[in-house]
Every structure is written in structure tokens, then in C-alpha cells.
Amino acid sequence: MTTLLKFQGFHSVPEVSLWEELGKRKLDAYKLSNSTIKLVGWYSPSRSVHVGARLSLRNDSFDGQSTTDGCTAAGVLYNTNTIDQFKNLDKREMLNEMGKSILDDITSGRATENPELLVRFILLSFADLKRHKYYYWFGFPAIVDNETTFETEANKVDSMKPLLNEFAIEQHECLEKFALNPDYPFFLCVMTSGSKSHIRPLRDWGKLTGIERECTYFGFVDPCPLETNPGWVLRNFLIYIRTIRLEAQERIVCLRKTARDSKMLVVHAVKKSTPSEAPRYSFVGWEPNANGKMGPRAIDLGSHLDPIRLADAACNLNLKLMTWRALPQLDLEMLAKTKCLLLGSGTLGCSVARTLIGWGVRNITFVDNGKVSYSNPVRQSLFTFEDCQNGGRPKAEAAASALKTIFPLINSQGIKLTIPMPGHFVSKESAVVRSETETLENLIKDHDAIFLLTDSRESRWLPTVFGALHNKIVINAALGFDGYLVMRHGHGIDNEEESSTRLGCYFCNDVVAPRNSTQDRTLDQQCTVTRPGLAPVAGALAVEMLVNLLHNELGNRAPSSSGNESADYSKLHALPHQIRGFFSTFTSVQIEGPAFEQCTACSRRVVSKVKDEGFPLLLQIFNDPGYLERIVGLDNLHNDTDIADFDVDWEED
């Protein structure tokens, strides 16, 4: 008596690392691609009847390389872009396509040379990256011969017998050695007399003759641990065997964890009548879900991932999605590595910092000498009421700390520092000011982009000089009551020929040196009295200008795009020199201004002299702004202007 041969299906075991890797590749490489992706999985004999036949996949499944983890199964990933596409794909056609490919490999002889082609799988998936949830469905295509039924003995004892009981003791050695480290997933057991028994690959079938063929058994590495059933991989192997020899009965070696655990399976091939119009072969193999029904599974990685890793993935999500369609040229790695120095941690500093981390910038340093006061938190978004208590936390420190509470992986630091300024008297013996000057210069040298966001005009002078001296990107943002200025400074002083095309700095329109602007001021003049919406707008524009500038191959030498049709735009489009906005009329204009050869901050005369003479010169400028005017010749310009005014002939109407 015989009964229908049943097989234990594969149980897919995709590790968490597989989905993490898929998420990374989907964002960074695959994006909206509909192309199939090659995968590999691994299976081996099961250790327990409670585990079953498992196909394992992990992050290195994408590399397509075999490992020592067992037998390799080749697979194809269909990663869809929407959940509807995942649901609506023709699953039957997908299975049929791969099944026909396996059948073709069998009939063409490719499976003889590479038996791993007999075991393949499909992984259909949809990655919901926003929720860290992955929907998936595995298929293990198996060929069904509609003209042949495979049966086995109805008596379970006669169906699968202990392998070693079928052979003489002297034949056991080759089986025991091969079971410990099988070289092939499918093989030939040539069980001739005595010690001549040996294991050979399928491609050697043609080399066997006479008694060797009669003594040969087909065998396979069986991942199934059940006493009465073989594993799923035997299904395609039986079709393969039928192309080699048409025997009514085959005895198949089911190699398991050890030779002692292995089985000899008796299989009967029974012809059956089928309608002439019916196809010879059909294909099955979709894996049931956890409920035992035909349908997909899902895994929610949100519960598996560390919260900080979740935050890192979520923060990068929108930026990486930009590269799919909107901004494929966006260089996120470059932005993440850019070091930004924010001089000023007030209303503008907070706005700039928040926009920078939104763009994926991960290195931010704050500089400020103030403390958080009770008037700050309502306008300065990085501070809270608690920061104001007990005299107030240092602003730079509080801002850096706040960024880390927003995004723990940010590299932020706060430095309490007073920037020396022209017109603010300094004692000649002041070692503190010398130290602060050196600290500021070193900070500027160590960063890639400098933001000037301080309250007073004169506090921007020394950073402007150092920025020009060390050829740094300098972005300036300044506020009035209902207007703002956002601008980028031109490149540093290093080539006389380029001076005529260099863009101006914040001080290039001035014909007087910066002085102490805090003297003789009323309260409303001492405080930064502006419309509350100015700082977020100006801060955002300052960062957007930096991002565009970083994507221009010329860097801070890039010309202005304002009214310049020949200007080489940034990869992210326009790159103006200055943007001036007016909330009173809700308008803005783009302005371009060349560098002024008598500028008190970025001109060659000033920068070269500061480079040559260092702190003694700076000390003289701090105490006497008029000396700065004499360096660049503005004193002569003033005299010439006065003479011109004096010589004018005035006429009465």
C-alpha cells in the first residue's frame, strides 16, 4: 500500500538585520527602482523536530556570497513602492516565472553543474520606512508534474528507514564523514562494496557505468527533522531525478544532522491520466502566514530598535526621500560632516541651529557670552523657563544642550566667549582679551562655515577679518525692526587678480570703521527690538544659502546669481549674494555688491596687516577705531569729501 508523499515546507526566518539593511538600501540606493534584487538564504539540517525546516536571511543576504552557515538558496527580492502595489502584484505569475526558470535549468543541464539552482525563493516586500514596518511574503517555487504522482509506503516504518540500517558497517564511514560537512546540497551516493563506497557530485552521473550506476542512490541535504516526511527541497529534486532515469521506484538518501539521524526514503512514481489540454507542469510554493492561511506577514521594527537609532533613521528619512525625486544631487554625507560655528546664540542663533539640524548638519558649535534671561524663551526656541532660573544658564551651553535633547547624536558644544570689538576699550595688559582673540581665531580655523548672528555691528568685525584671513565660508544675518539682511561674504584674500570679482562683506558699504554702538542708547535701542517673525525667516534663509553654496563646485568663490545670467548656479539652483527682506511690505530683493578695496574688514590692507602684526595691531584697533580708517585710507576719503563739499557754489533761488 502506498500513500501520497508529503513534504514539510520551508519556514522563513528573516533576521532583524535583513530589514534594517533593506531600509538603508531602499533610502540610499534603490529609492523608487522597481528592479528585482538578488538575495541569498541559508538552510541546514534541523536539530529538533520542534524547529522545522528553516531558511535564514540576514543583512549579508544582499551580498550574494556563500558562507559556512549551510546550503545556499538563491532568491529574488521584489521590493514594492506602495502597499497597494504589494497587494496587487500577480503572485501566481511571479511563482510561475521562477518555477519555469528552475524547470529550464533542469532540462538544460545547468542544474547538474550547479545543483543550488534547484532551491530558490521569492521575497515580496513593502518597506513602510516612516513607521519602521515591513510587509513581506516568501515563496519557495516547487514544480508539480501533472502526469506523475509521487507516493511512498503507507506504513511509516517502511516509508523512511534509518539510513545506516540500509548499508553494511564498512559503508558507514563515507556517510558519516559527509554528514559532518556536506560538500554538495544534492549528491550521488555510490555504495559499492566495502570501503569503495563514496559520495560524488551530480555532474559525475555521466561518468558512472555498469555496477556503479546500479549501486548509486540520489541524495540531498534534508532540512526537515520529521521522522515521516522529507523537506521541501526534495520536490524539485524528484523532477530532476526523473530527467536522469525513469525508475518506478527510487530510494532517496535524506541526509540530516548526522548519519545516524539520516533516512532512506522510498519513493514511487505513479503515472496518472490528465486531460490532453492540461499543462504538463504547474507551480506551487507561497508560504502560509502565522495563522496558517495564504497571506503575507509583517514585522514592526519600532519595538526592536534602540530609540536613538530610531531617531537617527527618522531624522534622515525626509532628507533621503528628497534624493529620490526632488533633489537627487543632494549630498547628505557632505552636509553631515560640515562643521558650523554660530557666533551668537540668541534669536537668530536658535533659528539657524534648528534649520541646520533639519538639513542633517551634525556638527554645531555655539559661541555667546550671555545668559538666558526670562525674556528669551518666548522668541529663542532652544531655551525654556528652567534655563532662566538661578541667574540663567550660559546661552551657548544651554543651546548646545537643547540640541542634544532634540537629537542625541548631534555633536554640539557651547563656548562662553566675549568677542573683542573696535571701540570697546581694552587694557594693554589684558591677557584675557588676547586669549579670547586666539580662541576665536582657532574656532574659525577649525570650522567650515561661520554664521555671524550677534547683536551688534562691531562684534562681527573680528570674525569677518578672520574669515577672510582663513578663506572660510561666512554667512551673515542681521535684523532691523521690520527688515532683515542675509548675505554671504566673498572668498578670502589670496589672489590679486581675483579681487575685482570678489563679493563684498558686511562692512564693504561702510566708509567709517565700526565703533561702540552701545554708548548713549535708550532701553529700546539697547535691546534687539524686532518683529518676532523676522528671525525664523532670516535664520532659515541663512542656512538655505549655506546649503546651496556647499553644493556649488566653486564654494565661496561662486559668483552671485542675482541678475547674472552667466553665473554658475548651485546644484540646488540660485545662489544670491544678499537678500534683503521687508516685513512692512512683505517683499524681498536680491542685491549684489562687490568687495570694497578700502573695506575696514575684508580688504587686503587690513587682512594682510592683521596676518603680519597679530594681536598688537588688533589691540590698537580695539582702542582706536580711527586707526582702522587710517590703515585703509578712509581718513583721506573723508577729507576729500569735506573739501568737495566746501568748494560747492551755493545759489539761492
Side-chain angles (χ1 to χ4, degrees), residues 340-359 361 363-408 410-421 424 436 439-440 443 447 450-460 463 475-486 506 516-519 521-543 546 581 583:
C340 293
L341 178 65
L342 277 55
L343 301 179
S345 306
T347 310
L348 279 169
C350 291
S351 298
V352 167
R354 292 302 297 257
T355 311
L356 283 173
I357 62 173
W359 269 110
V361 175
N363 301 280
I364 299 175
T365 301
F366 294 91
V367 171
D368 204 295
N369 70 341
K371 294 184 177 182
V372 183
S373 66
Y374 286 104
S375 64
N376 294 153
V378 293
R379 294 195 182 199
Q380 300 175 12
S381 59
L382 293 179
F383 306 133
T384 65
F385 176 76
E386 286 73 18
D387 294 324
C388 310
Q389 299 180 41
N390 302 315
R393 290 181 67 187
K395 273 191 170 183
E397 173 192 313
S401 177
L403 281 191
K404 290 182 179 179
T405 63
I406 295 167
F407 182 58
I410 193 78
N411 177 25
S412 63
Q413 61 175 326
I415 297 175
K416 187 174 183 179
L417 178 73
T418 299
I419 299 175
M421 297 171 276
H424 293 248
E436 289 173 334
T439 299
L440 178 64
L443 284 170
H447 287 76
I450 319 301
F451 285 88
L452 306 187
L453 311 168
T454 52
D455 287 340
S456 66
R457 189 175 188 83
E458 63 268 26
S459 61
R460 300 167 187 241
I475 306 291
N476 205 322
L479 306 177
F481 167 66
D482 60 1
Y484 61 82
L485 166 68
V486 174
Y506 186 57
N516 190 338
S517 61
T518 61
Q519 290 181 334
R521 295 295 182 97
T522 60
L523 181 61
D524 64 321
Q525 293 172 323
Q526 294 175 28
C527 299
T528 306
V529 179
T530 66
R531 293 177 62 157
L534 282 176
V537 173
L541 287 173
V543 175
L546 171 68
F583 272 27

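These values consider heavy atoms only, across backbone and side chains, with no hydrogens, waters or symmetry-generated copies.
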For H447 versus L443, what's the shortest heavy-atom pair and its separation? ND1-O, 2.7 Å
Under 3.5 Å donor-acceptor pairs involving side-chain atoms of residues 395-402, not counting sequence neighbours:
| from | atom 1 | to | atom 2 | distance (Å) |
| --- | --- | --- | --- | --- |
| K395 | NZ | Q380 | OE1 | 3.2 |
| E397 | OE2 | R393 | NH2 | 3.3 |

Check salt bridge (charged side-chain N to carboxylate O under 4.0 Å, His left out) between E436 and all other residues, then give those that pass, not counting sequence neighbours. none
The side chain to side chain contact (heavy atoms under 4.5 Å, CB included) partners of N363 (sequence neighbours excluded) come to K339, N411
Can you find a pair of side-chain heavy atoms, one from T384 and one from P377, that are under 4.5 Å apart? no
Please give me the minimum heavy-atom distance between A535 and T347, naming the atom from each residue. CB-CG2, 3.1 Å
Can you find a pair of side-chain heavy atoms, one from F583 and one from F481, that are under 4.5 Å apart? no
State, to 0.1 Å, how close L479 and T530 come at their nearest heavy-atom pair, and which atoms those are. CB-CG2, 3.8 Å
Looking only at heavy atoms, what is the nearest atom pair of L382 and A353, with distance? CD1-CB, 4.1 Å
Please identify each residue that fulfils side chain to side chain contact (heavy atoms under 4.5 Å, CB included) with A478, with sequence neighbours left out. R460, Y506
Would you please name every residue forming a ring-ring contact (aromatic ring centres under 6.0 Å, His included) with Y374, sequence neighbours left out? F385
What do the steps show when you test L356 against F451 for side-chain contact (heavy atoms from CB on, under 4.5 Å), and what is the final call? CA-CA 11 Å; L356 283 173; F451 285 88; 4.2 Å; yes
Closest heavy-atom pair, L452 versus P463, reported as atoms and distance to 0.1 Å, is CD2-CB, 3.5 Å
With a 4.5 Å heavy-atom cut-off, do V537 and V486 have their side chains touching? no
Please identify each residue that fulfils side chain to side chain contact (heavy atoms under 4.5 Å, CB included) with P536, with sequence neighbours left out. S351
Give the C-alpha distance, both sets of side-chain angles, the deciding distance and a yes or no for side-chain contact (heavy atoms from CB on, under 4.5 Å) between R457 and M421. CA-CA 9 Å; R457 189 175 188 83; M421 297 171 276; over 6 Å; no
